[in-house]
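Basis for what follows: all heavy atoms, side chains included, without hydrogens, waters or symmetry-related copies. Keep in mind that this is a model prediction, so the values were computed, not measured. Residue numbers begin at 1 in each chain, while the letters A, B, ... track the order of the sequences.
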Amino acid sequence: MINLIPGMQTTADALNVERVRMDIISQNIANAHTTKDANGDVYQRKQVAFEAYLQDSNGVDHPQRGVRVAAIENDPRPGQVVYQPGHPHADAEGMVTLPNVELSREMVDMITSSRAYEANLSVVKTARQMAMQALSIGK
Amino acid sequence: MSFLSSIQGISHELFGADTTRPPQELQNFREAAQAWKADRPQALGEVARTGAPSFSDVMSGLVEGVQEKHTIAREETRKILSGESTNLHQSVIAGQEASVAFTLMVEVRNKLVEAYQELMRMQV
């Protein structure tokens with residue numbers, strides 16, 4: 001049977017994508033002071049990029065554009081370098097590189113992601129209400 | 001009717017006929033039966049279809065659709081509970097789809113039953 005609630009595939013995509021963004025934000029905030037990453041360097045802030053893609057028609061005349069994660073990449077800007085000779089990860093001159101994660105920027109991103117998630121959820125609720133109202137015509 | 005007369009012919013011919021080859025009347029009978037069947041493609045006992053879907057087609061289509069959506073919703077919930085997927089909204093949306101499809105089926109059934117009752121109330 002065709003989807004009865006309009007636009008659900010697109011909204012589900014958007015909710016997935018916002019979840020991924022939240023995952024990355026939580027990773028960034030958790031590693032805000034990590035001086036050694038899994039690959040040996042200092043932790044670099046990760047950022048996500050989204051892209052739109054054409055969904056399969058499935059019989060609908062106007063194919064919709066869903067959204068998906070295009071890339072999860074490192075932010076290349078270098079972090080702060082401070083002088084801390086006693087630090088376990090200090091190099092020969094006593095300099096330690098800190099991650100380039102700014103907590104305030106991450107918090108703003110988190111608010112954006114949360115509001116986008118809420119907006120998509122309200123689309124789901126409203127679309128479902130529309131479908132139920134159509135079904136109640138006969139009652 | 002040609003095959004009836006050929007049946008009468010068979011009852012004369014079978015006694016003392018050449019058993020290695022079917023008698024001519026039997027052959028005629030077989031050909032006539034095939035020609036009759038070719039005129040009417042459906043088997044005896046089947047109602048000829050007019051082409052429009054009947055109520056039973058509509059209802060069984062709806063039931064299949066609801067069953068499919070219900071299966072998808074159950075599968076999504078199972079994935080969440082077993083940890084394979086972290087997209088909670090997927091299972092909630094699938095559950096809502098199944099619920100709306102079920103309501104649609106119930107409404108169609110109600111309308112059909114109402115129409116039937118209206119018909120039965122008619123004075124003969």
Between chain A and each of E68(B), E107(B), H89(B), count heavy-atom pairs under 4.5 Å; write down the option with the most.
H89(B)

ILVMFWY network linking V92(B) to L15(A), side-chain heavy atoms under 4.5 angstrom
no

Are F102(B) and M8(A) in one and the same hydrophobic cluster, where Ile, Leu, Val, Met, Phe, Trp and Tyr link if side-chain heavy atoms are under 4.5 Å apart?
yes

Is chain A contacted by the side chain of [X], its backbone, both, or neither, given a heavy-atom distance below 4.5 Å?
| X | answer |
| --- | --- |
| Q90(B) | side chain |
| Q96(B) | both |
| S99(B) | side chain |

Over 12 non-hydrogen atoms of neighbours within 6.0 angstrom of CZ in R65(A)
no

Crowded around M107(A) CE? As in, over 12 foreign heavy atoms under 6.0 Å?
no

Sort A12(A) into side chain, backbone, both or neither according to what part of it lies under 4.5 angstrom from a heavy atom of chain B.
both

Side-chain heavy atoms of V101(A) within contact of I29(A), under 4.5 Å
no

Counting heavy-atom pairs under 4.5 Å with chain B, the top scorer among V124(A), N16(A), L121(A) is N16(A)

